[in-house]
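Below you'll find the structure, written out as structure tokens, and then a few comments.
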2 protein chains.
Amino acid sequence: MYSFAEENYLKAIYKLQEHSDLAVNTNSIATSIQTKAASVTDMIKKLSDKKLLKYEKYKGVELTNLGKKIAIETVRKHRLWETFLHDKLKFAWDEVHDIAEQLEHIKSSELIDKLDEYLGFPTHDPHGDPIPGRNGVIIQSNFVLLSELKVGESGVISGVVNHSSVFLKHLEKNGLTLGKKVQVKEIGEFDQLVQLLLSTKESILVSNEVVKNILVKIQYS
Amino acid sequence: MYSFAEENYLKAIYKLQEHSDLAVNTNSIATSIQTKAASVTDMIKKLSDKKLLKYEKYKGVELTNLGKKIAIETVRKHRLWETFLHDKLKFAWDEVHDIAEQLEHIKSSELIDKLDEYLGFPTHDPHGDPIPGRNGVIIQSNFVLLSELKVGESGVISGVVNHSSVFLKHLEKNGLTLGKKVQVKEIGEFDQLVQLLLSTKESILVSNEVVKNILVKIQYS
DNA sequence: AATAATTTTTAGATTAGCCTAAAATTATTT
DNA sequence: AAATAATTTTAGGCTAATCTAAAAATTATT
Ligand SMILES: [Mn+2]
Ligand SMILES: [Mn+2]
Ligand SMILES: [Mn+2]
Ligand SMILES: [Mn+2]
């Protein structure tokens, strides 16, 4: 099977090429995985030998179908474990990522399928990210940024762009958690601060940086 | 923190010195961990440098308190994960060990404590082995081998000595699982085959090798 | 006590994964 | 089109964990 490092590289490359089907370059992998470009070159040679990606010197890499499959399996494991940690063990949504980063490398397809079943075949992880199915299919949700909503429009918080602990804690503190309905009341003309109306009738003021990192499912009323 | 390999060595040494407080010798570690003596020598030097064990050339090793602590923590994790896999994910008792062998190395004390709580603070794993507490304390149960029982005596199956999959499956097939009450009906004088009476009134015949590997809690009737 | 057998250690390699520094290539400015 | 900047690769080294084969130490046998 594949090593932790190999799986981490595949996952990182997968996420980099996910929303832009260009070749992924060495430096961007290095940045995303917090390592040096020279290390990346070493590793992508190995992954290329193992037919997990296509590599042309100085031209970046592209995952093969096999590489993509392993990457998606790793994402599936990661998100299922995050769901377990959050739903069953009651970890806060900003605490699950680092532990899942370890758990995602446990080798056993039986384990992950039983975990999936135990969790009731969840479709999204605690951050609203879709959980790939056994078959590798990922159902893309059509969420939009809360910053895209016009004054008067409403949406249900369904995901986050920024996954950092400090951001997630900030949302939690403001009651902006998954499933909460929010309506845009006012957008400050000068500083773009956004006034949000919660379903509790409570009104809160958040920065533009916050609404740019929240994904909502639009509610037509 | 400690590497997977280091934790595995500590656990192996711990189990070897557990029931005999002599120094543990190089070859026995090599055998138990399925590696070569030269590799063991390399590793015990490292563990000695890290104050996890006391090592004297040609004289074997003894865990320090620190080494013992890490070993017990690893055993705790292993058995809690086995319990999770068995109780929650419904893995058979012969399927949990190999996966727990991986899970025991996940680094997060918060995780293991929450798992412990989630499982209801179990005292024994699916094979009847005691689960060390947070504090490292292991409650030793006074189980005896089923082979020690005389004709007429009864006991509740509470553990196994042999943990191999083939043995565990054999027990399962014969209904000899944890918690089952058995009474020794007859011991064959010629071949030592043992006739056991189950609480279902069913009577089964098992080999001496089987009863020598089952631990029971004696029932005084 | 000497010899033989066994155990343990050392010496020297190997592989995975990472690093720094220098060289090579590609991209961007002048 | 040169020159300069940025990116990428190569070269050489390092650590962890393993191995084989040989040497050294210990233990058992004659
Ligand atoms: Mn995550
Ligand atoms: Mn990872
Ligand atoms: Mn086990
Ligand atoms: Mn292990």
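Lettering of chains follows the sequences in order, A, B, ..., and the numbering in each one begins at 1. Excluded from the calculations below are hydrogen atoms, water molecules and symmetry mates; all remaining heavy atoms, backbone and side chain alike, are included. It should be emphasised that the depicted structure is a prediction, and the values quoted were computed from it without experimental measurement.
Of the candidates D:dA17, C:dG17, D:dA24, the closest approach to any side-chain atom of B:Tyr58 belongs to D:dA24. Of the candidate nucleotides C:dG17, D:dT18, D:dT20, D:dT20 has the atom nearest to the side chain of B:Lys36. Closest approach to the B:Lys45 side chain among C:dT10, C:dC18, D:dA25 is made by C:dT10 (side chain taken as heavy atoms from C-beta onward). In the set D:dT9, C:dT8, C:dC19, the nucleotide with an atom closest to the side chain of A:Ala37 is D:dT9. Side-chain proximity of A:Asp42 to D:dC19, C:dC18, D:dT9: nearest is C:dC18.
Using a 4.0 Å heavy-atom cutoff across all strands shown, A:Tyr9 reaches sugar-phosphate atoms only and no base atom. Residue contacts shown for B:Thr26 are limited to sugar-phosphate atoms, with no base heavy atom under 4.0 Å away. Contact annotation for A:Ala38: base contact, defined as any heavy-atom pair under 4.0 Å involving a base atom.
Spacing between atom NZ of B:Lys59 and atom C1' of C:dT9 amounts to 14 Å, rounded to whole angstrom units. As a whole-Å value, the separation of B:Asp49 CG from D:dA16 P is 10 Å. D:dA25 atom C1' lies 14 Å from atom CD of B:Glu56, rounded to whole Å. Separating the NZ atom of A:Lys46 from the P atom of C:dT14 is a distance of 16 Å, rounded to the nearest angstrom. Following rounding to the nearest Å, A:Ile29 (CD1) and D:dT8 (P) show an atom-to-atom distance of 9 Å. In this structure, A:Asn27 atom CG and D:dA5 atom C1' are separated by 13 Å, rounded to whole Å. If you measure from atom CE of B:Met43 to atom P of D:dA16, you get 10 Å, rounded to the nearest angstrom. Nucleotide C:dT7 holds its P atom 16 Å from the CG atom of B:Leu22, rounded to whole Å.
In summary, B:Glu73 and B:Lys77 do not engage in a salt bridge, as defined by a charged side-chain N under 4.0 Å from a carboxylate O. The existence of a salt bridge linking B:Glu104 and B:Lys11 is confirmed by a sub-4.0 Å separation between a basic side-chain nitrogen and an acidic carboxylate oxygen. Checked for salt-bridge contact, B:Lys212 and B:Glu209 meet the test: a charged N lies under 4.0 Å from a carboxylate O.
An OP1 or OP2 oxygen of D:dT8 is reached within less than 4.0 angstrom by a side-chain nitrogen or oxygen of A:Asn25. In this structure, B:Tyr55 reaches the C:dT9 phosphate: one of its side-chain N or O atoms is under 4.0 Å from OP1 or OP2. For the OP1/OP2 pair of D:dA16 and a distance below 4.0 Å, the side-chain nitrogens and oxygens of B:Ser3 include no atom meeting the criterion. Remark: A:Thr41 is in phosphate contact with D:dT9, judged by side-chain N or O atoms under 4.0 Å from OP1 or OP2.
Side-chain N or O atoms of B:Lys107 include one that pairs as donor or acceptor with a backbone N or O of B:Tyr2 at under 3.5 Å. Here the side chain of A:Gln17 pairs no donor or acceptor atom with the backbone of A:Tyr14 at under 3.5 angstrom.
Look at D:dA21: its Watson-Crick or wobble partner, with both distances under 3.5 angstrom, is C:dT10. Here D:dA28 sits opposite C:dT3 as a Watson-Crick or G-U wobble pair (both hydrogen-bonding atom distances under 3.5 Å).
Where A:Thr35 and A:Lys57 each meet DNA chain C at their nearest nucleotide, the meeting point lying more 5' is that of A:Thr35.
Screening A:His78, A:His163, A:His86 against A:His97 for a ring pair (Phe, Tyr, Trp, His ring centres under 6.0 Å) leaves a single residue, A:His78.
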